2 protein chains.
Amino acid sequence: MKDRAASIGTKERLLRAGEQLFRTRGYAGASLKQLTQAAGAPWGSAYHFFPDGKEQLGVEVVRQAGDFYGDGWRESFDRADGPGDAIERVFRAEARILEASDYRNGCPVASVTLDTASTSEALRSACASAFEVWLRAIEGGLRKAGASDGEATALAGFVLSAIEGAIVLSRAAKSPAPLLQSAAFVREVVDRRAEDWRAARANPVQTESSERG
Amino acid sequence: MKDRAASIGTKERLLRAGEQLFRTRGYAGASLKQLTQAAGAPWGSAYHFFPDGKEQLGVEVVRQAGDFYGDGWRESFDRADGPGDAIERVFRAEARILEASDYRNGCPVASVTLDTASTSEALRSACASAFEVWLRAIEGGLRKAGASDGEATALAGFVLSAIEGAIVLSRAAKSPAPLLQSAAFVREVVDRRAEDWRAARANPVQTESSERG
DNA sequence: GTCTATAATACGATAGAC
DNA sequence: GTCTATCGTATTATAGAC
């Protein structure tokens with residue numbers, strides 16, 4: 001992971017504070033005043049760096065979060081021992097993040113989606129793009145493990161859905177259980193297929209060998 | 001399903017309008033003014049029926065949604081042809097709800113969770129209870145199909161996580177794909193176990209027969 | 001007991017001082 | 001070019017008319 005805590009410019013601090021506040025209070029529940037205060041920035045700097053106001057800041061926060069956590073997914077696939085392990089590691093990392101923050105730090109993109117998807121096309125579109133970045137990162141990891149394009153796309157949607165929902169349940173319950181429960185079943189699905197992919201690679205002719213019987 | 005559209009008292013209309021607005025705009029993004037207008041109720045009635053204000057209304061909206069959709073889960077298990085079918089039907093029903101509302105009507109409990117879990121213990125607790133109602137409904141359906149208590153609990157957490165996350169992704173993408181993709185994989189996991197449960201019932205001695213090999 | 005009018009405050013956005 | 005002071009509006013909440 002890149003060093004995100006480096007002391008950099010005011011705009012970057014505003015974006016970081018925005019991500020943090022959107023995670024904990026949602027987009028609508030986070031005010032620009034809280035945001036500038038959290039960033040240690042004067043009130044006017046919000047409109048200096050984001051002339052179009054809160055919506056523009058939200059769009060950039062979501063885009064940055066998309067890029068950053070997309071890198072996280074890719075790194076997990078690079079480092080892990082197979083796709084099932086890579087995915088389980090992300091679930092477990094998220095469980096640690098939640099526990100360490102007393103279940104405050106959820107997913108900023110999910111929060112912005114639920115608050116704004118029906119009221120701001122710019123923000124909904126930004127959230128869709130951020131999710132797309134993550135989906136493609138997961139897809140890429142699955143394809144490298146041998147998944148076909150279509151299978152990788154569908155599995156990626158399932159994996160991301162499971163972790164996003166588990167984060168919501170874990171936050172409500174203040175417990176890592178939903179994340180850990182989901183991780184096990186998701187891993188089961190992925191590992192099962194990864195085995196089939198290996199078998200198909202070893203036996204390229206017998207394409208039906210992966211059917212359950 | 002109970003008839004939810006019956007023309008009843010003002011309090012019930014306020015609760016319904018609250019559920020609808022929380023689904024589309026989140027808790028923080030929905031104002032009491034919008035809410036009373038949507039309910040066709042005068043401004044003062046909000047504080048007449050909910051003296052403690054928006055938070056109290058939110059708690060009651062979440063509790064009612066928990067009860068109502070909990071019944072929905074139970075009915076799906078009662079009517080469907082096995083637990084996998086019951087669960088897939090709920091995913092598909094949710095996909096239809098989203099499409100019919102142009103992807104506005106998400107889950108009110110998830111929305112309230114992400115906006116308030118870190119700022120209002122009363123609302124976080126209400127959301128946790130609503131999710132618990134749904135989890136126990138799913139658990140009950142799975143146990144009736146033969147799942148052990150522990151297995152039913154873990155599977156229910158996985159199932160609810162998957163659908164909640166898929167709703168978020170579907171809303172952002174304005175596409176039913178995440179819900180339909182997740183439905184297939186969740187069903188695969190559940191059907192697989194349901195087969196084992198049937199086998200275990202037919203062969204009560206061979207408890208290890210359910211291991212994959 | 002319902003509803004209208006209003007208070008007090010917080011919000012997003014702007015304008016102008018330095 | 002940064003930051004402070006302020007505007008107009010929207011919010012939650014209350015108080016008082018009917």
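Numbered from 1 within each chain, the chains take letters A, B, ... in sequence-line order. If you're wondering where the values come from, they're calculated on a predicted model, not measured in any experiment.
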Give, ordered by number, those residues of residues 51-60 of chain B having at least one heavy-atom distance below 4.0 Å to an atom of DNA chain D; if nothing qualifies, reply none.
B/G53, B/K54

Expected list for residues 115-124 of chain A near DNA chain D, using heavy atoms below 4.0 Å, is none

With heavy atoms under 4.0 Å as the rule, sort B/A28 into base, sugar-phosphate or nothing.
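Result for B/A28 = nothing.
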
Can you list everything that forms a side chain to side chain donor-acceptor pair (under 3.5 Å) with B/S161? Sequence neighbours excluded, please.
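Listed in chain order: A/S182.
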
Distance-only donor-acceptor pairs under 3.5 Å for side chains of residues 173-180 of chain A, two or more places apart:
| residue | atom | partner | partner atom | Å |
| --- | --- | --- | --- | --- |
| A/S175 | OG | A/A177 | N | 2.9 |

Sequence neighbours excluded, every pair satisfying salt bridge (charged side-chain N to carboxylate O under 4.0 Å, His left out) that has a member inside residues 30-55 of chain B
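Every candidate salt bridge (charged side-chain N to carboxylate O under 4.0 Å, His left out) pair involving residues 30-55 of chain B fails, so no pair, neighbours aside, qualifies.
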
Test: salt bridge (charged side-chain N to carboxylate O under 4.0 Å, His left out). Region: residues 122-143 of chain A. Which pairs qualify, not counting sequence neighbours?
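Listed by first then second residue: A/E121-A/R124, A/E132-A/R136, A/E139-A/R143, A/R143-A/D149.
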
Integer-rounded Å distance: D/dA10 C1' and B/L35 CG
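In whole Å, D/dA10 C1' and B/L35 CG are 15 Å from each other.
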
Take the protein atom CZ of B/F50 and the nucleotide atom C1' of D/dT12, then report the distance between them rounded to whole Å.
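Taking CZ of B/F50 and C1' of D/dT12, I get 15 Å after rounding.
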
So that I can tick it off, tell me whether A/R193 and A/D196 are bridged by a salt bridge, with the cut-off set at under 4.0 angstrom between side-chain N and carboxylate O.
no

Presence of salt bridge, A/R192 and A/E188, under 4.0 angstrom:
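The answer is no: the pair does not qualify as a salt bridge.
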
All N/O contacts under 3.5 Å from nucleotides 5-9 of chain D to the protein, with atom names and distances to one decimal?
| residue | atom | partner | partner atom | Å |
| --- | --- | --- | --- | --- |
| D/dA5 | N6 | A/W43 | NE1 | 3.1 |

Extract, from 5' to 3' on DNA chain C, the first and final nucleotides lying under 4.0 angstrom from some heavy atom of chain B.
C/dT2 to C/dA5

List the atom of B/F77, the atom of B/I138, and the distance in Å for their closest heavy-atom pair.
CE1-CA, 3.7 Å

Does any pair with a residue in residues 160-195 of chain B pass ring pair (Phe, Tyr, Trp, His ring centres under 6.0 Å), and if so which ones, sequence neighbours excluded?
A/F158-B/F185

So ring pair (Phe, Tyr, Trp, His ring centres under 6.0 Å) across residues 93-131 of chain B, not counting sequence neighbours, yields B/F131-B/W134

For A/F91, what residues pass the ring pair (Phe, Tyr, Trp, His ring centres under 6.0 Å) criterion, not counting sequence neighbours?
none

For B/Y47, all residues meeting side chain to side chain contact (heavy atoms under 4.5 Å, CB included), sequence neighbours excluded:
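Once residues adjacent in sequence are excluded, the partners of B/Y47 under the side chain to side chain contact (heavy atoms under 4.5 Å, CB included) criterion are B/L32, B/W43.
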
Distance, nearest 0.5 Å, that separates SG of B/C107 from CG of B/L160:
8.0 Å

Within a reach of under 6.0 Å around CG of A/D102, are more than 12 heavy atoms found that belong to other residues, nucleotides or ligands?
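Atom CG in A/D102 is crowded, with more than 12 foreign heavy atoms closer than 6.0 Å.
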
